Amino acid sequence: MKNFKQYYPTTVDEAAKILKENPNDTYICAGGTDIIGVMKDFILPTYPTALVSLDRIPGLKEIKEEGGFLTIGAMVPLEDIATNDLIKSKYACLAEAAARTASPHLRESGTIGGNLCQMTRCWYFRHNNDQFHCLRKGGDTCYALTGDARFHSIFGLTKMCAAVNPSDTAPAMVVLDAKVVTNKREFGIEELWGFAVPGSTKLEHDEIITCFKIPAFSGKSCFYKAAIRKTIDFPIVNGACAITASGDVKICVNAVALSPHRCKEAEAVVKGQTITESLAEKAGDEAAKKATVIEGTGTTNEYKIQMMKGIIKKVVLGCK
Ligand SMILES: Cc1cc2nc3c(=O)[nH]c(=O)nc-3n(C[C@H](O)[C@H](O)[C@H](O)COP(=O)(O)OP(=O)(O)OC[C@H]3O[C@@H](n4cnc5c(N)ncnc54)[C@H](O)[C@@H]3O)c2cc1C
């Protein structure tokens, strides 16, 4: 690694000020399990000069129920979410998603904020020494569209970038209708992600997520993940479904597009119906209708469509 500066502010305002005064090549560091790897492998075109750690800012590691919301601080480690009794009982899909992320060690260090803001795992983007100067690094080519396409997008292809969002907790947060609270504003979680160079979020450079607010939830929810290995592996496709006590249905899959993909067609199939195996299958079929395939050099991502259908079936049945 190259030398870099590490700041340890003790308030969110101080952290934001440092970021504002250093607009180029300064990054927020939460648990560091993603950003340090990015630096170690010289992935970015310009080497980060400084990290702003959020670790010493009080109040960002709390989980509490308050005013009709479950509030989860941005610096809460994933392991705390996976093992929290309240989350396990009332917001099951989120606990399940956190428990299926990475490894015990990484879940102790990795935070919910970092998990939702992590950079893409596209193997062209992640190639060391910026060997593939792709769209997400300010270049003009998406190598995934013509190269090895196996793990890439089946929806959207926004700006022709085929990289997927790799977060495991993202679909759970979407179906639970989480709100993102930053030092500047509050907004619905689906607005968090999008095409960004080099990140995965639409946050401003000096914008820091302080917590997530999930409306009190009573109903059933379920998360499922398909990966090559059972532990320490990113999703090929994952997904979550939440059905409220009043019958509202939300279904979201991830690792299929640049941002987590809400399956509104599948939701419409399930809403108001008794959940059966054939209904759950139909929901998956509906979601797949708008999917597209990338045929790369000798490779295809077509299998991901079938996998997504299976995941939707599983998470819908999990809410029975
Ligand atoms: C071997 C390995 C396996 C992994 N497996 C998985 C997996 O199975 N599933 C999965 O989802 N992830 C996986 N990850 C990815 C990721 O490292 C973890 O999920 C972790 O949660 C990231 O959190 P962090 O706190 O360490 O993030 P950091 O590395 O500290 O930050 C990640 C990014 O988010 C930004 N950021 C962090 N906090 C904030 C905030 N509060 N406000 C604004 N921006 C912020 C940072 O600037 C940085 O760009 C894996 C990582 C490794 C190294």
Side-chain angles (χ1 to χ4, degrees), residues 4 6-7 9 12 15-16 18-19 22 25-41 43-44 48 50-55 57 59-61 72-82 94 96-122 125-126 136 151 164-173 180-185 187 189 192-193 196-212 223 225-240 254-255 260:
F4 62 93
Q6 176 101 332
Y7 293 96
V12 173
I18 297 166
L19 288 163
N22 299 276
D25 311 321
T26 302
Y27 291 85
I28 294 168
C29 181
T33 62
D34 183 40
I35 190 70
I36 299 287
V38 165
M39 292 165 76
K40 227 172 130 205
D41 292 338
I43 283 166
L44 301 174
L51 291 183
V52 180
S53 171
L54 305 182
D55 195 48
I57 303 177
L60 301 185
K61 294 182 184 168
I72 304 177
M75 286 292 283
V76 171
L78 294 170
E79 188 63 16
D80 290 11
I81 293 174
L94 180 57
E96 287 160 11
R100 281 291 279 118
T101 302
S103 64
H105 197 143
L106 284 157
R107 290 195 293 273
E108 291 286 357
S109 316
T111 64
I112 183 75
N115 189 267
L116 293 163
C117 297
Q118 62 180 291
M119 290 184 196
T120 177
R121 286 272 151 181
C122 169
F125 177 87
R126 287 268 166 173
R136 292 290 277 279
F151 299 122
V164 301
N165 182 304
S167 167
D168 271 319
T169 60
M173 293 293 261
V180 180
V181 183
T182 75
N183 55 326
K184 297 180 182 224
R185 60 198 165 120
F187 53 91
I189 195 147
L192 177 61
W193 303 282
V197 178
S200 298
T201 75
K202 293 185 199 158
L203 295 174
E204 292 171 31
H205 182 70
D206 59 342
E207 189 165 20
I208 299 164
I209 300 176
T210 53
C211 69
F212 302 93
F223 169 86
K225 165 177 176 175
I228 291 174
R229 298 186 306 179
K230 281 202 170 138
T231 187
I232 322 187
D233 212 353
F234 285 89
I236 296 178
V237 183
N238 63 16
N254 202 19

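Model, not experiment: these values are computed from the prediction. Heavy atoms only: backbone and side chains are in, while hydrogens, waters and symmetry mates are out. Numbering of ligands and ligand atoms starts at 1, following listing order.
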Engineer: Can you tell me which residue and heavy atom of the protein come closest to atom 13 (C) of ligand 1, and the distance to 0.1 Å?
Structural biologist: F234 CE2, 3.1 Å
Engineer: Check this for me - ligand 1, Y27, N or O atoms closer than 3.5 angstrom, yes or no?
Structural biologist: no
Engineer: Looking only at N/O atoms, are T169 and ligand 1 under 3.5 Å apart anywhere?
Structural biologist: no
Engineer: With the threshold set at 4.0 Å, does a side-chain nitrogen-carboxylate oxygen contact exist between D233 and R121?
Structural biologist: no
Engineer: Looking only at N/O atoms, are R100 and ligand 1 under 3.5 Å apart anywhere?
Structural biologist: no
Engineer: Is the closest side-chain heavy-atom distance between P235 and N254 below 4.5 Å?
Structural biologist: no
Engineer: Could you list which atoms of ligand 1 come closer than 4.0 Å to a heavy atom of L78?
Structural biologist: 21 (O)
Engineer: Give me the residue, atom name and distance of the protein heavy atom closest to atom 9 (N) of ligand 1.
Structural biologist: D168 OD2, 2.7 Å
Engineer: Tell me the protein heavy atom at minimum distance from atom 31 (O) of ligand 1, and give that distance in Å.
Structural biologist: G114 CA, 4.0 Å
Engineer: Quick one: does I236's side chain get under 4.5 Å of I228's, heavy atoms only?
Structural biologist: yes
Engineer: Please examine the side chains of S200 and Q118, heavy atoms only from C-beta on, and report whether any two atoms are closer than 4.5 Å.
Structural biologist: no
Engineer: For residues L203 and L192, determine if any side-chain heavy atom of one lies less than 4.5 Å from a side-chain heavy atom of the other.
Structural biologist: yes
Engineer: Any idea which part of A30 is under 4.0 Å from ligand 1, heavy-atom wise: side chain, backbone, both or neither?
Structural biologist: both
Engineer: Heavy-atom distances under 4.0 Å are what count here, so tell me which part of I36 touches ligand 1: side chain, backbone, both or neither.
Structural biologist: neither
Engineer: Before signing off on this row, confirm whether G32 and ligand 1 have an N or O atom pair separated by under 3.5 Å.
Structural biologist: yes
Engineer: Does R107 have a non-hydrogen atom less than 4.0 Å from ligand 1?
Structural biologist: no
Engineer: Does ligand 1 come near enough to L106 that some N or O of the ligand is less than 3.5 Å from an N or O of the residue?
Structural biologist: no
Engineer: If we only count N/O pairs under 3.5 Å, is D233 in contact with ligand 1?
Structural biologist: yes
Engineer: Evaluate N115 for polar contact with ligand 1, using N/O atom pairs at a separation under 3.5 Å.
Structural biologist: yes
Engineer: K225 versus ligand 1: do any nitrogen or oxygen atoms come within less than 3.5 Å of each other?
Structural biologist: yes
Engineer: Over all heavy atoms of both residues, which pair between V12 and N183 is shortest? Give the atoms and the distance, please.
Structural biologist: CG1-CB, 3.7 Å
Engineer: Do any N/O atoms on T101 end up under 3.5 angstrom from N/O atoms on ligand 1?
Structural biologist: no
Engineer: If you measure every N/O of G31 against every N/O of ligand 1, is any gap under 3.5 Å?
Structural biologist: yes
Engineer: Can you tell me the protein heavy atom closest to atom 40 (C) of ligand 1 and the distance?
Structural biologist: I209 N, 3.8 Å
Engineer: Which residue supplies the protein heavy atom nearest to atom 5 (N) of ligand 1, what is that atom called, and how far is it?
Structural biologist: A102 CB, 3.3 Å
Engineer: Quick one, M39 and L44 - any side-chain contact, counting heavy atoms below 4.5 Å?
Structural biologist: no
Engineer: Measure the distance from atom 17 (O) of ligand 1 to every protein heavy atom, then report the residue, atom name and distance (to 0.1 Å) of the closest one.
Structural biologist: T33 OG1, 2.6 Å
Engineer: Considering only protein heavy atoms, which is closest to atom 33 (C) of ligand 1, and at what distance to one decimal place?
Structural biologist: C117 O, 3.7 Å
Engineer: Does P166 approach ligand 1 within less than 4.0 angstrom via side chain, backbone, both or neither, non-hydrogen atoms only?
Structural biologist: backbone
Engineer: I want to check something: taking the side chain as every heavy atom from C-beta on, are L116 and F212 in contact at a cut-off of under 4.5 Å?
Structural biologist: yes
Engineer: Starting from atom 39 (C) of ligand 1, what is the nearest protein heavy atom, named by residue and atom, and what distance separates them?
Structural biologist: I28 CG2, 3.8 Å
Engineer: What are the two closest non-hydrogen atoms of P171 and N238, and how far apart are they?
Structural biologist: CG-OD1, 3.4 Å
Engineer: Under 4.0 Å from ligand 1, counting heavy atoms only, is it the side chain of T182, its backbone, both or neither?
Structural biologist: neither
Engineer: With heavy atoms under 4.0 Å as the rule, classify the contact between M39 and ligand 1 as side chain, backbone, both or neither.
Structural biologist: neither
Engineer: Could you report the tightest heavy-atom contact between E207 and K184, atom names first, then the distance?
Structural biologist: OE2-CB, 3.9 Å
